[in-house]
Amino acid sequence: KRNKFLMAVFRQAAKPIISSARSELAKYKKYSKTGQLRRSIKAFSTKASRRLPALYVGPKATGGSAKKDKDRGGGYYGAMLEYGNANSPAHPFMRPAWDKSESTSSSILLAGTKKIVEKVLERELKGLKRIYK
């Protein structure tokens with residue numbers, strides 16, 4: 001259950017990063033006329049992050065195995081915009097978003113983790129009081 005609570009804290013800490021990244025994309029409106037890329041910026045976990053809690057924030061290309069780009073969701077060209085490709089230069093939006101919201105997100109993460117640890121300690125101390133009465 002502790003992973004569940006930690007993932008909830010991660011999701012709260014990811015909100016400022018997501019909103020900052022979406023506002024950064026407003027600069028590059030000509031590259032995303034439909035707004036799919038902006039909507040695809042989410043916080044998500046993978047199968048590997050179910051063992052150890054981890055959360056990824058960025059454009060999510062849903063349906064990655066789809067043959068046609070239009071079926072893949074809005075995030076499939078997020079990396080092309082962020083890092084550039086052979087035909088266009090890089091237009092970073094995730095790194096500036098992280099730089100803007102790093103302090104806010106880290107304070108949310110620290111406060112949430114502190115609350116979880118306090119609850120666990122309180123529960124454990126309650127059990128010790130019953131044993132050593």
Side-chain angles (χ1 to χ4, degrees):
K1 286 186 179 179
R2 65 181 174 259
N3 286 352
K4 177 180 164 183
F5 297 122
L6 202 52
M7 289 299 283
V9 171
F10 286 166
R11 289 193 188 284
Q12 287 297 318
K15 286 181 181 181
I17 301 168
I18 292 169
S19 64
S20 182
R22 287 179 177 173
S23 66
E24 283 289 321
L25 273 175
K27 296 177 189 175
Y28 308 117
K29 218 168 194 153
K30 67 179 181 178
Y31 297 107
S32 180
K33 294 175 183 160
T34 62
Q36 280 188 335
L37 180 59
R38 188 178 60 76
R39 285 191 303 273
S40 74
I41 296 176
K42 297 177 181 169
F44 55 94
S45 61
T46 63
K47 280 185 182 179
S49 65
R50 291 182 191 143
R51 281 177 293 171
L52 295 170
L55 197 69
Y56 299 94
V57 178
K60 184 176 181 185
T62 55
S65 62
K67 300 290 184 208
K68 297 179 183 175
D69 286 342
K70 65 180 178 123
D71 297 332
R72 293 180 74 188
Y76 76 94
Y77 57 94
M80 289 185 266
L81 188 62
E82 178 77 18
Y83 302 112
N85 60 20
N87 299 323
S88 71
H91 300 289
F93 61 94
M94 286 305 298
R95 174 52 77 177
W98 167 251
D99 292 339
K100 285 181 184 176
S101 58
E102 179 181 8
S103 61
T104 308
S105 293
S106 60
S107 64
I108 292 170
L109 188 61
L110 186 61
T113 308
K114 185 178 176 183
K115 192 181 286 188
I116 291 171
V117 170
E118 286 173 353
K119 283 186 178 185
V120 169
L121 286 175
E122 183 181 309
R123 186 182 69 220
E124 293 298 322
L125 289 175
K126 188 188 257 186
L128 285 176
K129 287 178 186 174
R130 273 189 266 139
I131 293 172
Y132 295 110
K133 222 175 199 187

Does any N or O in the side chain of [X] come within less than 3.5 Å of the main-chain N or O of [Y], such that one atom is a donor and the other an acceptor?
X	Y	answer
Ser20	Ile17	no
Ser107	Ser103	yes
Arg38	Ala26	no
Ser105	Ala13	yes

On a heavy-atom basis, which atom in [X] and which in [Y] lie closest, and how many Å separate them?
X	Y	result
Val9	Ile116	CG2-CD1, 3.7 Å
Ile41	Ala21	CD1-CB, 4.0 Å
Arg22	Arg39	NH2-O, 3.6 Å
Gly78	Pro59	CA-CG, 4.0 Å

* Has Leu52 got more than 12 heavy atoms of other residues, nucleotides or ligands less than 6.0 Å from its CG? ->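 Open: at most 12 neighbouring heavy atoms sit under 6.0 Å from CG of Leu52.
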Do the side chains of [X] and [Y] join up, straight or via other hydrophobic residues, at under 4.5 Å, putting them in one cluster?
X	Y	value
Leu55	Leu109	yes
Tyr83	Phe93	no
Met7	Ile108	no

message: The test is side-chain contact (heavy atoms from CB on, under 4.5 Å); show your working for Val57 and Met94 and say whether it passes.
response: CA-CA 9 Å; Val57 178; Met94 286 305 298; 4.2 Å; yes
Could you state the interatomic distance from [atom1] ([X]) to [atom2] ([Y]), rounded to the nearest 0.5 Å?
X	Y	atom1	atom2	value
Lys115	Lys119	NZ	NZ	6.5 Å
Ile18	Ser23	CD1	OG	12.0 Å
Lys60	Leu37	NZ	CG	14.5 Å
Thr113	Phe10	OG1	CZ	6.5 Å

Report task. Test side-chain contact (heavy atoms from CB on, under 4.5 Å) on Lys100 and Glu24 and set out the steps. Result -> CA-CA 10 Å; Lys100 285 181 184 176; Glu24 283 289 321; 2.4 Å; yes
Original post:
Taking the side chain as C-beta and beyond, is there a heavy-atom pair between Tyr56 and Ser45 under 4.5 Å?
Top reply: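 They are not in contact (no side-chain heavy atoms under 4.5 Å apart), so the answer is no.
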Worksheet item: Salt bridge between Arg95 and Glu82, side-chain N to carboxylate O under 4.0 Å?
Response: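 Judged by the 4.0 Å cut-off on N to carboxylate O distance, Arg95 and Glu82 do not form a salt bridge.
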